[in-house]
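Step one of this worksheet: look at the structure below.
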Amino acid sequence: MGLTPHYFCSLFKKATKMTPVSYITKCRIQSSKQLLLSHPSMPIKEVAMQCGYPGNSYFNKKFMESEGKTPAEFRELNRSIKGRS
């Protein structure tokens with residue numbers, strides 16, 4: 001079955017309530033959050049690259065849009081919460 005890109009996007013959005021790009025971004029951010037917490041000494045740039053971002057600036061922008069804080073702030077906040085448990 002051949003689908004045009006436009007038709008695929010409309011089917012995807014109907015099924016998931018998000019665009020393919022939004023879905024990929026969501027998956028990348030989820031992966032980055034796992035890496036940030038499971039590898040606390042991994043540089044942010046390395047986390048970005050492991051999750052498909054070419055460098056820090058775009059990764060920081062997308063992470064901030066999604067989580068309301070930078071990757072470093074996310075890591076530090078979760079480190080301090082874990083330390084209190």
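Numbering of residues begins at 1 and proceeds along the displayed sequence. From a predicted model like this one, the values you see are computed outputs, not experimental measurements.
Remark: His39 NE2 to Arg75 CZ distance equals 10.0 Å, nearest 0.5 Å. Atom-to-atom distance recorded for Asn78:CG and Glu73:CD is 12.0 Å, nearest 0.5 angstrom. The structure places CD of Gln34 at 6.0 Å from OG of Ser31, a figure rounded to the nearest 0.5 Å. Rounded to the nearest 0.5 angstrom, Phe59 CZ and Ser32 OG are separated by 4.0 Å. Residue Leu35 holds its CG atom at 11.5 Å from CD of Gln30, rounded to the nearest 0.5 Å. Within the model, atoms NZ of Lys61 and OG of Ser66 stand 13.5 Å from one another, a figure rounded to the nearest 0.5 Å.
Sorted by first and then second residue, the pairs that involve residues 12-36 and meet ring-ring contact (aromatic ring centres under 6.0 Å, His included), not counting sequence neighbours, are Phe8-Phe12, Phe12-Tyr23. Sorted pairs that involve residues 6-15 and meet salt bridge (Lys or Arg N to Asp or Glu O under 4.0 Å), not counting sequence neighbours, are lacking altogether.
Of all non-hydrogen atoms in Ala48 and Gly55, the two that sit nearest each other are CB-O, 3.7 Å.
Put simply, Met42 and Phe63 are part of the same group of oily side chains (I, L, V, M, F, W, Y) that touch within less than 4.5 Å, one to the next. Tracing side-chain contacts under 4.5 Å through hydrophobic residues (I, L, V, M, F, W, Y), one never reaches Met49 starting from Val47; they form parts of separate clusters. Residues Tyr58 and Ile29 fall within the same hydrophobic cluster, defined by Ile, Leu, Val, Met, Phe, Trp and Tyr side chains chained together at heavy-atom separations under 4.5 Å. Note: the hydrophobic cluster containing Val21 does not contain Leu3 (ILVMFWY, side chain heavy atoms under 4.5 Å, direct or indirect links).
Proximity of a side-chain donor or acceptor of Asn60 to a complementary backbone N or O of Thr70 within less than 3.5 Å is not detected.
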